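Have a look at the structure below, then the notes.
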Number of protein chains: 2
Amino acid sequence: MPKSDGFENVTADDVAAATGVSRWTVNRAFKKDASISPKTRAKVMSAAQTLGYVPDLSAAALASTRSNLVALLVDDFTNPHKLVMMERLTRALRSRGWDTLLVNTLDREDTAPALLNASQRRVDATILIGVQFDDEVLAAAQGARRFRKLIIFARSSSNPDTISIAVDDEAATREIAQYVLGKGYQRPLYVAGPRTVSAHLLRKETFQEVWHGKFGVLPETVSVDRYDSIMAAEVAYDTLRDRPVSALPDVIVCENDALALGVIDTIRHRLQLRIPDDIAVVGFDDVPAASSPNYRLTTYRQPLTDMSNYLVDVLEGPDATNLDRKFIGRLVIRESA
Amino acid sequence: MPKSDGFENVTADDVAAATGVSRWTVNRAFKKDASISPKTRAKVMSAAQTLGYVPDLSAAALASTRSNLVALLVDDFTNPHKLVMMERLTRALRSRGWDTLLVNTLDREDTAPALLNASQRRVDATILIGVQFDDEVLAAAQGARRFRKLIIFARSSSNPDTISIAVDDEAATREIAQYVLGKGYQRPLYVAGPRTVSAHLLRKETFQEVWHGKFGVLPETVSVDRYDSIMAAEVAYDTLRDRPVSALPDVIVCENDALALGVIDTIRHRLQLRIPDDIAVVGFDDVPAASSPNYRLTTYRQPLTDMSNYLVDVLEGPDATNLDRKFIGRLVIRESA
DNA sequence: AAATATCTTGCACACGCGTGCAAAGGGTGT
DNA sequence: ACACCCTTTGCACGCGTGTGCAAGATATTT
């Protein structure tokens, strides 16, 4: 095993000694835009190469005020979209020199401790991807020492103390609603997820608003306590069982794909109905399963790559106000609606 | 935002001053089994509480030889089972005081740099969950400075320089094979994933062996280049299209669920056949989707919680040899076979 | 009560690198 | 050859904590 027998201690001093320059010059060689002559940098780098030296980011973080480390707080591992988000985020971060601390928010009460935990590692920013965020958590965040930015990813927040990087839910939902209207559906059912205080999605609200504006009535709406397919399947079944065909919705619009997949399962396997002929379904996120031949889900894809890159821009930029940004995604039309 | 205006610098010295003890006593108060009187510890803790002090793990890592930090290298975010593994691992780690650095291995060539990257943060161990591990990677690992343990999680490896924590694939596959035999299936097709050099799964081999032992012939076998449902669906279609019914397999045994889900999609939607009546399907992992009414997949569940806890045991234990361990999981029988 | 054993506390030094500034080096124009 | 400017290099000090040991305080024994 890499016991790293003693050879773990290759420090900048060693390289300096081998090269005949000072330790500071060695470290400068590894800094992106440090003032150092190309010649000595090359000399240092080759010596570092043979000695196996790499700067210790841990020590660098201690010495400076930046760590190039962010914490990623995740509370909901049941939603497959989380996996996609994590991939995109870590890809953008790592390819631009940032490391990611993955913090599993064990349960609802654990968010504040998790935040504190992250701060103990001197992270430059904390990213929340999930639903657990509310004002209580924010208070905890403010109590936590030393971290500069609190970023809410893929969720809107009007809290002035956070930076929200999200898709424009309102525009997206309008596009979805227009599509649904254009298809001539008459009796929608909206399936919403859990409601949180600070991090709104505005999807349900916008859909209701559009529908009400058009027909003067609110669409039927139910909500699920977690973004979980199994749970959504249950709620859908409880809502639709025993209904005469005429009372069934002709389209079910879901706040995201995790819900939509469960809804589809219920429609097919427990209600024995066809999609989209009997009931159409629309989702949000475009998770991988949405494109499988089993689901062929019409859904809305968030520009996660752009959002992730913007996030890194924010990290690298100065502390400014009003860094919030909304992105426009794309409606992906498949056979489910 | 928590600009942490100056109040970020609450250090052990501040607490020491406020309490009237030395800095070392303050830090001792936060150590689990340090020699300190309960009285002073309480005094210190309450002062720390009001001042908002928490030990800086970054500095602690620098000063000592341990960081309580592990790197988790992930290369394949398309397999939904990864999400489950990450949840279980981070849960076990965090609840026992370990932090996790999530490193996205961007592409095949990136594994070595990723490993190096992790070592720059002084991780105590590196965990690989994925398929990217081969001898080349191991060589890179050994070249990387300072990290004590290289753990292959959920995959067997006979490499003496690594610690492998996995399910007993051979026993598991035997159980699966016995089940398949007991059900009277005659014409199996085995769908394997990509082959790697150092981290074997032994599933395909064991299944072949059992089958050959029973009937004297090898079962038909195909392999997919990635653990990806879409790709598996393609391979299954290419393999089975245009076959007369008599030439179709009556059961398809898949190396894992990611493959099985794609196979099921192909059987149903492209071959228009029924499961399990026409073709039965068996998977491995028990991903969340396997239990959905859509799939009802018969599969093998790994004891991920036990495996994760053992992993932390290994982290906390001394550097020993032969820390490898195999776990026994459970065959979950559903309607797909 | 003295001596010893046990527990508790303090401290010098080290961990590896960043910051800001001063000194040295190299080049240009007159 | 000189003064000047710009580039490149060196350095003192600090970041916040761990380690191992020695000194001090307290408890136990005879």
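The sequence lines fix the lettering, A, B, ..., with proteins before strands; numbering per chain opens at 1. All values derive from a computational prediction rather than experimental measurement.
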Worksheet item: CZ of B:R121 versus P of C:dC17: gap in Å, rounded?
Response: 13 Å

Worksheet item: Atom CG of A:D13 and atom P of C:dG18: how far apart are they, to the nearest Å?
Response: 12 Å

Worksheet item: Just by distance, do the side chain of A:N68 and the backbone of A:W98 share a donor-acceptor pair under 3.5 Å?
Response: no

Practice prompt. Establish whether the base of C:dT8 is bridged to the side chain of B:W24 by a donor-acceptor pair shorter than 3.5 Å.
Written response: no

Item to complete: Grab the CD-C1' distance between A:Q120 and D:dC15 for me, whole Å please.
Response: 17 Å

Discussion item. Heavy atoms from C-beta onward define the side chain here; which of D:dG16, D:dG18, C:dC17 lies closest to that of A:L62?
Written reply: D:dG16

Worksheet item: Any side-chain N or O of A:T40 less than 4.0 Å from the OP1 or OP2 oxygen of D:dT8?
Response: no

Practice prompt. Kindly give the heavy-atom pair with the smallest separation between A:A12 and A:Y53, and that separation in Å.
Written response: N-CE1, 3.3 Å

Worksheet item: For the base of D:dG10, is there a side-chain donor-acceptor partner from A:R28 under 3.5 Å away?
Response: yes

Worksheet item: Do A:T126 and A:K149 have side-chain N/O donor and acceptor atoms under 3.5 Å apart?
Response: no

Discussion item. I need the CG-P distance between B:N27 and C:dA14, as an integer number of Å.
Written reply: 19 Å

Worksheet item: Could you give the CG-to-P distance, from B:L57 to D:dG16, as a whole number of Å?
Response: 14 Å

Fill in: Separation of C:dC17 P from A:R122 CZ (nearest whole Å)
16 Å

Item to complete: Considering non-hydrogen atoms only, spot the tightest contact between B:V21 and B:V44 and give its length.
Response: CG2-CG2, 4.2 Å

Item to complete: Tell me which residues in residues 63-71 of chain A put a heavy atom below 4.0 Å from DNA chain D, sorted by number, or none.
Response: A:A63

Discussion item. When you measure from the side-chain N and O atoms of B:S58 to the phosphate of D:dT17, is any distance below 4.0 Å, counting only OP1 and OP2?
Written reply: no

Item to complete: Please state whether the phosphate of D:dT17, meaning OP1 or OP2, lies under 4.0 angstrom from any side-chain nitrogen or oxygen of B:T11.
Response: yes

Practice prompt. For A:R155 and A:I129, run side chain to side chain contact (heavy atoms under 4.5 Å, CB included): C-alpha distance rounded to whole Å, both residues' side-chain angles, the deciding distance at 0.1 Å, then the answer.
Written response: CA-CA 8 Å; A:R155 189 129 328 210; A:I129 55 174; over 6 Å; no

Worksheet item: Quick one: do the A:S308 and A:T305 side chains pair a donor with an acceptor below 3.5 Å?
Response: no

Worksheet item: Is B:R23 side chain donor-acceptor paired with the D:dG18 base, going by distance under 3.5 Å alone?
Response: yes

Worksheet item: If only side-chain N and O atoms of A:S37 are considered, is one of them under 4.0 Å from the OP1 or OP2 phosphate oxygen of D:dT9?
Response: yes

Discussion item. Using whole Å, what does the distance between atom P of nucleotide D:dC15 and atom CG of A:D124 come to?
Written reply: 18 Å

Item to complete: Can you tell me the distance, in whole Å, between the NZ atom of A:K39 and the C1' atom of C:dG27?
Response: 13 Å

Practice prompt. For a side-chain hydrogen bond (donor to acceptor under 3.5 Å, both in side chains) with B:R94, tell me which candidate from A:N117, A:T105, A:N104 qualifies.
Written response: A:N117

Discussion item. Using the side-chain heavy atoms of A:D56, tell me which of these nucleotides is nearest: D:dT9, C:dC17, D:dT17.
Written reply: C:dC17

